[in-house]
Amino acid sequence: QTKLAMAKKRGNPPPLRTLALRAVCASWHSGVDLGSVPVTLCFVVWERLRALRAGDSMTLSCAEMYPWVRSKWQLESLDLGDSREWLTDASMNALCYVLSLRSISLVGARVSDAGMGFLVRQQALRELDLSWCSALGDAFLHHLVPLAGSMVSLNLTGTAITDAGLPTVLQLTSLQRLGLGNTAITDKGMDYLTYYSRYTSAGPQGLHSLECLSLACTAITDVGLLKLCATQVTAERICHILKMIFIPLLDLKQVGTSAFN
């Protein structure tokens with residue numbers, strides 16, 4: 001009663017909505033469930049929390065933003081290209097909470113194999129562009145295996161992958177586009193990539209849905225290209241192969257005319 005009397009002396013007490021908002025923000029944590037909260041009200045809470053943190057010369061942490069990421073921010077496409085040193089292996093862990101992504105671009109990012117663990121949780125991911133992430137090698141590729149049924153586009157151009165990593169790539173049976181330009185891939189790698197297409201009785205594995213393959217600026221020779229051409233050689237298949245590799249092969253210095261004879 002004393003507090004109520006003091007409030008009346010100061011004027012009207014705060015509206016119930018204001019009191020509720022204060023209570024929510026005061027006890028805010030990463031486990032708050034916003035699933036049934038209207039979007040307009042979520043926005044009000046967001047602005048209130050930002051104002052509180054700004055008053056303390058702080059910003060909202062990744063953990064504090066998680067309730068919105070989980071329930072309201074249904075991101076489908078994320079482009080973090082050319083982030084350079086601003087994007088680190090540690091910061092990539094935040095993507096473990098964004099499970100609605102269908103497309104991710106990390107072009108030129110300075111991340112390593114150690115920062116790719118978030119991929120195993122990206123069950124909706126269809127397109128991944130890691131071109132010119134020069135610190136990425138074979139070790140991270142196993143994180144892609146759980147995405148075998150959804151991944152349709154993978155760009156590894158300019159990464160440090162080698163022939164040893166291609167058996168893992170071969171498990172991504174839904175791939176339609178694969179970029180291997182400017183890598184250490186050799187004819188041995190082509191043997192891996194084309195094995196199940198050349199020997200269909202070996203099993204259902206392999207990149208049978210592949211429509212575009214980039215091999216520009218690699219060490220592939222006529223031998224490797226012939227492995228590709230040897231996959232179910234029919235008139236229809238030859239047309240498909242030429243359509244698939246003609247443009248990406250323009251910078252292949254070690255391929256001669258014998259591969260097309």
Side-chain angles (χ1 to χ4, degrees), residues 81-82 104-113 116 119 126-145 147-148 151-199 202 205-233 237-261:
D82 294 320
I104 298 177
S105 174
L106 299 176
V107 177
R110 296 181 182 176
V111 292
S112 70
D113 297 333
M116 294 292 105
L119 288 171
R126 292 174 56 82
E127 301 179 356
L128 180 61
D129 190 346
L130 300 174
S131 53
W132 308 110
C133 293
S134 57
L136 289 179
D138 299 328
F140 90 93
L141 292 171
H142 72 278
H143 292 309
L144 297 175
V145 175
L147 311 179
M151 181 78 69
V152 298
S153 179
L154 177 62
N155 193 347
L156 299 173
T157 299
T159 62
I161 67 163
T162 67
D163 293 335
L166 293 185
T168 304
V169 174
L170 202 59
Q171 298 181 55
L172 307 178
T173 53
S174 297
L175 273 184
Q176 298 175 13
R177 298 178 297 278
L178 177 60
L180 297 174
N182 286 88
T183 62
I185 301 302
T186 68
D187 293 338
K188 182 180 179 181
M190 292 303 297
D191 193 37
Y192 288 141
L193 285 179
T194 61
Y195 179 80
Y196 289 101
S197 296
R198 287 182 289 120
Y199 303 103
Q205 302 95 323
L207 306 182
H208 301 293
S209 300
L210 203 62
E211 296 178 357
C212 182
L213 174 63
S214 173
L215 299 170
C217 299
T218 62
I220 302 296
T221 69
D222 293 350
V223 174
L225 185 56
L226 285 170
K227 295 284 187 181
L228 185 63
C229 292
T231 57
Q232 302 177 15
V233 181
R237 184 63 180 171
I238 289 296
C239 289
H240 171 71
I241 291 170
L242 291 176
K243 176 184 176 182
M244 179 171 67
I245 66 174
F246 180 72
I247 293 178
L249 281 174
L250 291 180
D251 291 327
L252 262 180
K253 303 295 190 298
Q254 303 195 49
V255 171
T257 57
S258 63
F260 295 96
N261 291 334

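All residue numbers refer to positions in the sequence shown, counting from 1.
Of all heavy-atom pairs spanning S174 and A148, the tightest one is OG-O, 3.2 Å. Minimum heavy-atom separation, D163 to A184: OD1-O, 4.2 Å. Summarising the geometry of C133 relative to L106, their closest heavy-atom pair is SG-O, 3.0 Å, with the distance given to 0.1 Å. Considering every non-hydrogen atom in both Y196 and H208, the closest pair reads O-CE1, 3.4 Å. In plain terms, the two heavy atoms of R177 and L210 that are nearest each other are N-CD1, 4.0 Å.
Remark: F140 CZ to L119 CG distance equals 7.0 Å, nearest 0.5 Å. Atoms CD1 and CG, on I220 and L180 in that order, are 8.5 Å from each other to the nearest 0.5 Å. How far CG of L156 is from CG of L144: 7.5 Å, rounded to the nearest 0.5 Å. We find the CE-OG1 distance between M190 and T218 to be 8.5 Å, quoted to the nearest 0.5 Å. In this structure, CG on L213 lies 10.0 Å from CG on L175, to the nearest 0.5 angstrom. With rounding to the nearest 0.5 angstrom, the CG atom of D222 is 13.0 Å from the NZ atom of K227.
Tested against L178, the residues N155, V169, L215, L166 include a single side-chain contact (heavy atoms from CB on, under 4.5 Å) partner, V169. The residue from L154, V145, L141, V152 that alone fulfils the side-chain contact (heavy atoms from CB on, under 4.5 Å) condition with L172 is L154.
Proximity of L136 to D113: side-chain heavy atoms (C-beta onward) are separated by under 4.5 Å at one or more points.
Judged as a ring pair (Phe, Tyr, Trp, His ring centres under 6.0 Å), and not counting sequence neighbours, Y192 has no contacts. With sequence neighbours excluded, no residue satisfies salt bridge (Lys or Arg N to Asp or Glu O under 4.0 Å) with R126.
Counting only distance, with no hydrogens or angles, the side chain of D129 and the backbone of V107 share no donor-acceptor pair below 3.5 Å.
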